[in-house]
Structures are given as structure tokens and as C-alpha cells.
Amino acid sequence: MTRAVLRVTAAGPLCSVQDGGRAGFLRFGVPASGAMDRAALALANHGLGNPPGAAAVEVSLGGLTLEVEEGALSIAIAGGGFLLDRGSTRLGSWQVVTLREGDRLAVRRGPWGAWSVMAFAGRLIAPDWLGSRATHALSGLGGGAVTKGQRLVVEDSRLLPERPIACPVWARPRGEVAVVIGPQDRFFGSDRIDLLLGTTFHLTDAYDRMGVRLRGPSLAPQSALAIPSEPVLRGSIQVAGDGVPVVLLADHQTTGGYPKIATLVGSELDGFAQLRPHAAVAFRAVSPEQAVGMARLRAAALARLLER
Amino acid sequence: MTMPPRAVPVADRALLVELGDAVAPEVQAQVWALDRALRGDPVPGQVELVPAMVNLLVIFDPLVTDHAAVAAAVLARLASLPEVPQDATPREVLVCYDPPHAPDLAAVAAQTGLTEEAVIAAHLAGEFRVAMYGFAPGYAYLTGLPEPIRLPRKTAPLRAVPAGSVIIAGGQCLVTTLTMPTGWWIIGRSPTRILTGAEAHPFLFDVGDRVRFRRIPASELEQGA
């Protein structure tokens, strides 16, 4: 049996172990978590012959630096236009890379994108919670945060030929995002819906794996109301009484008492997550039927890439 | 008041089935009954159900179905729900009200005009129902806090309140599972684990369960559940 041990020599905030997510526990207050860019996770894993949802390390804009203490293995990096240095060699992201004992690898922010995924040829050893290694930020349950000084152990490590991974055009950051209006649009006047759809908003630094606050005109609901707390989804645009919209992301709370003016179509979530703080974003309304069509097109496009 | 149900599309993958506008026992009973019916016999493409106070989110797989098909199936199911309320599973939660585990007990007594023992007696007399989970893993909102000990939230939240705290606000009670800030009143500590750690049944309650509290001395709390 082979294994590789990687020591984390530097890690930006919000680097964590993630996988395809922990579905099925929303009713118990547990969001799915999982990679912010799920297609990137699937493509990185596919590049190594892993199942698409296998556990990997998600790298934030703060970057990640590793040193191979023991063994050798291949890794794959996908998601965002990050930069990769192995020793003094500059490598692109979106590729399969070989690491040998003593190698030093730095993954850092590049020209575009906010999240990258580092998948491993082998099994990343990390704690499991409810059948998933995805880290839930608030509780720390699951695979856990990746921090400086930590050792990542990969069992059954393998070496594969270095090669690029195709980066689909839809993996780029998405400055115009399709939403379905609602489900609580009745609490907002039509002027607020027009503002949502007719204005450019900006992401703010109030951004983590739970959600991101937007900057733009106030979308305050018509009356200050206390609606009974109700379920929310990844991609819900929730508006508090102050009129500030917040887009809920992978580690979102499962219920909330603020009305949701609109919800991102699922196929837009990966591209939205690749927007950086201060990036501009506009919202475009589609019908529920169109949204279902988008989900099917995206699933087919990803399936074609995963068949290669 | 119940109202005609609405099935509102949410993005590409869910329907919010709204059964009322305000929290009421008959609305909750309908949410639980629909939840139970759909869990027992899922509609095609159903992925996940999230029951809440006045509505139920039905998440589906858009690759195999769509909003219209799910709405038709769910509304048909709603029309054929059993009239008779179904049995709820009873659960018992242990609670210690002794210092230092009940830092707000004296304040609750002062604000309600009761003695501390009367506050405890009222809490122990509560017949709670699990209304929904939310906020954080295992945070089960229990409705049915007796009227005499209902208070609005504190004006300022307290930081780093330990997991296992028994907290109350408005008509609700909750047993925390994480060390977190809270603006609710901390009236006791429980060794009962809501996150059970058991693979087959990782959460103690399901929505709709009946909950009673049973008092334990500090010595028993310190031994663990």
C-alpha cells in the first residue's frame, strides 16, 4: 500500500476539506455544504479517475502551500484561474500535476475565480460526518478546516501522467445570473423586483461559505414583517429589513425568517461562486420551466465531460 | 387559520408548499401530516423534504421531473391526508436547573414574577412539539412553552453559550448543540444529545415529535447522559 503525506506550510482562510456534499439532512438543520464550485470538484476528480464527489481540498483566494513529506502522488487542480508553482516551475491550473517527496507546491489566486479544488489520486484521510467529508463551517464537523502545520494523508496514492483538464466556458465567473423570482416576492413591491433585475449589484467582503452580502440599492420589503421561519436553499436571495440582499451559499442556514425575493438557478451557483468580492453581478429572471431546462442542459454538458 | 394551499416554485429544483400564513396548531398538524405522507410514499423525483412552521419545502431532481408534475402530485396527496391526527413519538430530555447551569433562571423569575421553582415547574409541565430544525445542525425549535414563562429575547446576545444549554424565548424552547451566541434565556443544561452520533438515527427528534423535560440534579449532569 502506498501513501503520501503533505504538510501544509501556508493556508488562507476558508480552506477546507470538501466533497460532493451531504444531501438529505436539511430537515435536521444541516446544509449540504460541499465544494463551492461543484463542477470543478467533479472535473478535478475525474482527471484522476476518482468518483466525481470524492473528498478534496478546497482552496480559497488566500491560497495554499504544501510540501511533500513522504511518498509521491498525482493531484488535479480545477476551478478558478489559479496559479500553480511547483518549486520554481510555473504550472497552469486545470491540470493533473505530479508531486514527489520534497516537492513544494503553491496554489495562489490568479487572473480570475474565487475557489479552486485540489483533488488527490488516492484517498484523502479526513473525518466523516453523516456519510460525507464536506466541512460544515459553523460547526467544524466533517473533514475540517485545512490550516498551516497540518498534514494531509493520502492512502493508496497513485501516479498518473501530467495532462491538462478541459475548462468549460461555463466554469468562468458569471456576471449575469439567472434567477427564478420568489418564493416570497409577494412581500416586495414590483419596484423592488424591477430594482433587483435592473441594477448592477456588487459582492462585498462580507463573504464566506454561508453566504455573501451584496451592495446595491435597498430592496427592503414593503412592510416590516416577521414571517414564520421557513426553509431556504443554496442560492436563495434573502432580504433583511435593512434592504440588503444576501445570497446564501454552500453552508447556509437551513431556515430563515427573512423573505426571499428570488433564488438562483442551480446551474448558476458554480459560476456565481467564482465571482470575487467587489465583482459586479446582474440578475436575470427566468421562468421555473426555463430553469428546469437550464438544469438539464448543464447536467448533460457535465456528463459529456465526465465521459471523456 | 388554514388557507387554500399554495405550491410556489423555488428555482429549478423545489416547491414551497404553503399551508398557512401564521403559526397555528392546525397548520402545523397539516405540515406534519403532509411530511409524513410524502416520506412514506415519495412522489416521483422527490429528493428531500424540509418541514417548517407553516410550510414544507419539497426538493426534487429537475432531471427527472418539474414543478408542475410535483405540484400536481403533492396537492393530490394533500387532498387525501388522513383527518385523524397521527401518533407522535414521545421523547424525554433531561435538564439540570442548578447553578451554574441556569444563569438566567433568576432573571426569568424576576421578569415573570414567579419564584425560580415555579419557573422550573412551568417548564417541566410544558408539552412541547418539535416544530422544525433550523439555524444550525440539531437546533430543534420546540413549541409549547407555557404562557407564564414566555419572555421576548434578551436585548443583547450572550457569546459562547455552551452546547447543551436549554434556552427559551417567546413560546419556544431549544436545546443547543454547538457553542454559539444566543439572545435567548438560559434556564438549564441538558446532557441529552440531540446529535446522537448514532449512524441509523443521527438526530434525536423528528419534526412533530412530542417532548417532555425531566429534571436531574447536577451530579447526574456531570456523569453525562
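Numbers restart at 1 for each chain; the letters A, B, ... are given by sequence-line order, proteins then strands. Computed from a predicted structure; not experimentally measured.
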- Message: Given A:F28, which partner from the list B:F205, B:F135, B:Y139, B:Y133 fulfils the ring-ring contact (aromatic ring centres under 6.0 Å, His included) test?
- Response: B:Y133
- Task: Please say which of B:L151, B:I149, B:D104 ends up in a side chain to side chain contact (heavy atoms under 4.5 Å, CB included) with B:Q111.
- Result: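 The single option meeting the side chain to side chain contact (heavy atoms under 4.5 Å, CB included) with B:Q111 is B:L151.
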[X] versus chain A, heavy atoms under 4.5 Å apart: side chain, backbone, both or neither?
X	result
B:M53	both
B:T177	neither
B:L49	both
B:E18	side chain
B:I59	side chain

- Message: Between the side chains of B:E92 and B:R212, is the shortest nitrogen-to-carboxylate-oxygen separation below 4.0 Å, so that they form an ion pair?
- Response: no
- Item | Contact leader toward chain B among A:S229, A:P231, A:A299, where contacts are heavy-atom pairs under 4.5 Å |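 Answer, by heavy-atom pair count under 4.5 Å with chain B: A:P231.
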- Task: Heavy-atom pairs under 4.5 Å with chain B are the metric here; pick the option from A:L130, A:V232, A:L138, A:T254 that has the most.
- Result: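 Ranked by heavy-atom pairs under 4.5 Å with chain B, first place is A:L138.
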Heavy atoms only, distances under 4.5 angstrom: which of [options] has the most pairs with chain A? Name it, please.
options	value
B:V207, B:L56, B:T65	B:T65
B:L57, B:L63, B:V8	B:L63
B:P9, B:A136, B:G138	B:A136
B:A140, B:A14, B:P51, B:G197	B:P51
B:P202, B:P137, B:A52	B:P137

- Task: Apply side chain to side chain contact (heavy atoms under 4.5 Å, CB included) to the pair A:R27 and B:R39, showing each step before the final yes or no.
- Result: CA-CA 12 Å; A:R27 64 185 292 116; B:R39 285 178 91 187; 3.2 Å; yes
Pick one of side chain, backbone, both or neither for [X], based on which atoms fall under 4.5 Å of a heavy atom in chain B.
X	answer
A:H136	side chain
A:R186	side chain
A:V265	both
A:Q184	side chain
A:L269	side chain

- Item | Worked verdict on A:F187 versus A:I261 for side chain to side chain contact (heavy atoms under 4.5 Å, CB included) | CA-CA 8 Å; A:F187 296 127; A:I261 191 168; over 6 Å; no
- Query: How about B:R6: does its CZ atom have over 12 heavy atoms from other parts shown lying under 6.0 Å from it?
  - Reply: yes
- Item | A:Q290 atom CD, over 12 foreign heavy atoms within 6.0 Å | yes
- Message: Walk me through whether B:L78 and B:L81 qualify under side chain to side chain contact (heavy atoms under 4.5 Å, CB included).
- Response: CA-CA 5 Å; B:L78 197 56; B:L81 286 181; 3.7 Å; yes
- Query: Should the pair B:K154 and B:W184 be classed as cation-pi, given the thresholds of under 6.0 Å to the six-membered ring centre and 45° from the axis?
  - Reply: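 Pair B:K154/B:W184 does not count as cation-pi.
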- Message: Can you classify the ring geometry of B:F203 versus A:F25 as parallel (below 30°), tilted (30 to 60°) or perpendicular (above 60°)?
- Response: tilted
- Flag for B:N55-A:E230: side-chain donor and acceptor within less than 3.5 Å: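 There is such a pair (donor and acceptor under 3.5 Å, judged by atom type) between the side chains of A:E230 and B:N55.
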